[in-house]
Amino acid sequence: DNGTEAVRQRFMEFGHHTCFSLLPPTPQPLESIVDNIMAAENKDVADGNPWSPKFTRADTENLTQAAIRTYCPEAQK
């Protein structure tokens, strides 16, 4: 699959990480979640994972917002 499944799985992991990080009792600030996801993805790139795209801040913010809309729309209300 040329890494397509691996990338899909990783993005789902990031989406679930976003939602779990926003839940009580200790919800994390969205900026912190974005920082953590961007660092994790760019570490994958630096470690030589050929299927990992390098994330910009905008990429990561879009991913977290899509995750919230998809998996946990009530998380930030």
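FYI, side chains are in, hydrogens and waters are out, and symmetry mates aren't considered; it's all heavy atoms of this structure.
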Engineer: Within the 3.5 Å criterion, strictly below it, is a donor on Asp59 or Thr56 matched to an acceptor on the partner's side chain?
Structural biologist: yes
Engineer: For the atom pair OG (Ser21) and NE2 (His16), what is the distance rounded to the nearest 0.5 Å?
Structural biologist: 12.0 Å
Engineer: Got a donor-acceptor contact below 3.5 angstrom from the Thr64 side chain to the Glu61 backbone?
Structural biologist: yes
Engineer: Ignoring hydrogens and geometry, is there a side-chain-to-backbone donor-acceptor pair from Ser32 to Gln28 under 3.5 Å?
Structural biologist: no
Engineer: Taking all non-hydrogen atoms of both residues into account, name the closest pair between Pro27 and Pro24 and its distance.
Structural biologist: CD-CA, 3.9 Å
Engineer: Any heavy-atom pair between the side chains of Arg10 and Glu41 that's under 4.5 Å?
Structural biologist: yes
Engineer: Hey, is Arg57 close enough to Glu31 for a salt bridge, meaning N to O under 4.0 Å?
Structural biologist: yes
Engineer: Determine whether Val34 and Leu63 make a side-chain contact, defined as any pair of heavy atoms from C-beta on separated by less than 4.5 Å.
Structural biologist: no
Engineer: Which atom names give the shortest non-hydrogen contact between Leu30 and Gln65, and what distance separates them?
Structural biologist: CD2-NE2, 3.2 Å
Engineer: Specify the closest pair of heavy atoms between Met12 and Tyr71, including all atoms of both residues, with the distance to one decimal.
Structural biologist: CG-OH, 3.6 Å
Engineer: Are the aromatic ring centres of Phe55 and Phe11 under 6.0 angstrom apart?
Structural biologist: yes
Engineer: Can you tell me how far CD1 of Ile33 sits from NE2 of His17, rounded to the nearest 0.5 angstrom?
Structural biologist: 6.0 Å
Engineer: Could you report the tightest heavy-atom contact between Cys19 and Ala67, atom names first, then the distance?
Structural biologist: SG-O, 3.9 Å
